[in-house]
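Report on one structure; see the data block that follows.
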Amino acid sequence: MSLPTLIYKKEAFNKAIFKKAPIVSLQGQPVLLYTSNHQSLLAALEQKKVRIFSECRNGFCGACKTKVNRGSVVYHTEPLVELEEDECLPCCCHPDGDLDLALSAQGAEVVTAQVSIELACTAD
């Protein structure tokens, strides 16, 4: 009787969709990996010490309006501010994939590549 259960679980697992966590970059510089632990794009950026002005934090005022260089966002609260096609309100959205914003990375905790070089010395 356990065989059909195993087959069902295997079929359900094969149909599972895994989505990579979006990488958020500032002018091409990777800054953060956006996860479900973040309440909004604004909260994630502030956590990384990105300088971004905000007021209402709900999509009403437009103070955090930001230009999107590449990628797109999904709104969890529909903004009341009129936006251009290449703009977003980080206070009420999250990335829908990798995202590059026209914000300065200066002062932010950015991701840096760590490169290890091992030198092998052999005696002849």
Side-chain angles (χ1 to χ4, degrees):
M1 285 259 173
S2 63
L3 184 59
T5 304
L6 290 175
I7 292 171
Y8 172 75
K9 287 181 180 177
K10 181 180 178 187
E11 287 175 6
F13 182 76
N14 287 340
K15 293 179 183 177
I17 297 172
F18 297 97
K19 189 173 180 181
K20 175 183 94 58
I23 297 170
V24 179
S25 301
L26 306 180
Q27 298 179 4
Q29 173 66 52
V31 173
L32 64 97
L33 189 63
Y34 192 91
T35 67
S36 60
N37 294 336
H38 298 110
Q39 287 184 325
S40 68
L41 180 55
L42 177 64
L45 292 168
E46 288 176 336
Q47 185 179 19
K48 287 295 195 169
K49 299 184 179 13
V50 175
R51 294 182 194 154
I52 181 168
F53 184 75
S54 66
E55 285 186 7
C56 74
R57 308 180 80 79
N58 289 313
F60 299 133
C61 71
C64 64
K65 189 185 295 188
T66 302
K67 185 176 186 302
V68 176
N69 292 331
R70 182 182 48 83
S72 61
V73 298
V74 175
Y75 288 95
H76 47 82
T77 302
E78 197 61 35
L80 296 179
V81 176
E82 191 172 321
L83 297 169
E84 297 294 326
E85 199 171 300
D86 64 344
E87 294 177 326
C88 73
L89 291 183
C91 68
C92 58
C93 72
H94 60 270
D96 190 33
D98 291 349
L99 185 66
D100 185 45
L101 301 172
L103 292 171
S104 172
Q106 185 176 355
E109 296 174 356
V110 298
V111 176
T112 56
Q114 294 188 7
V115 178
S116 306
I117 299 176
E118 293 183 27
L119 298 176
C121 298
T122 56
D124 288 310

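Positions are given from 1 along the sequence. All values derive from a computational prediction rather than experimental measurement.
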What distance separates [X] [atom1] from [Y] [atom2], expressed to the nearest 0.5 Å?
| X | Y | atom1 | atom2 | answer |
| --- | --- | --- | --- | --- |
| L89 | L83 | CG | CG | 4.5 Å |
| Q106 | Q29 | CD | CD | 12.5 Å |
| Y34 | L45 | OH | CG | 9.0 Å |
| C88 | K65 | SG | NZ | 11.0 Å |
| C92 | Q39 | SG | CD | 13.0 Å |
| R51 | K49 | CZ | NZ | 12.0 Å |

Inset, instruction - Would you mind telling me which of E46, Q47, H94 makes a side chain to side chain donor-acceptor pair (under 3.5 Å) with H38? - result: Q47
Legend entry - Sub-4.5 Å side-chain heavy-atom contact between L41 and H76: no
Inset, instruction - Give a yes or no on this: more than 12 heavy atoms of other residues, nucleotides or ligands lie within 6.0 Å of atom CD of Q27. - result: yes
Legend entry - Within 6.0 Å of CD in E109, more than 12 heavy atoms from elsewhere: yes
Legend entry - Heavy-atom pair with the smallest gap, counting every atom of S25 and P30: OG-CA, 3.5 Å
Legend entry - D100, L101, D86 screened by side-chain contact (heavy atoms from CB on, under 4.5 Å) with R70, the one that passes: D100
Legend entry - Test applied, side-chain contact (heavy atoms from CB on, under 4.5 Å); reference residue, L32; option that passes from L26, L99, V50, V24: V24
Counting only N and O atoms by type, is there a donor-acceptor contact under 3.5 Å from the side chain of [X] to the main-chain atoms of [Y]?
| X | Y | value |
| --- | --- | --- |
| D98 | I23 | yes |
| N58 | C56 | yes |
| S40 | A43 | yes |

Inset, instruction - Applying side-chain contact (heavy atoms from CB on, under 4.5 Å), run through C91 and C64 and close with a yes or a no. - result: CA-CA 7 Å; C91 68; C64 64; 3.7 Å; yes
Legend entry - Co-membership, hydrophobic cluster, residues V68 and V81, 4.5 Å side-chain: yes
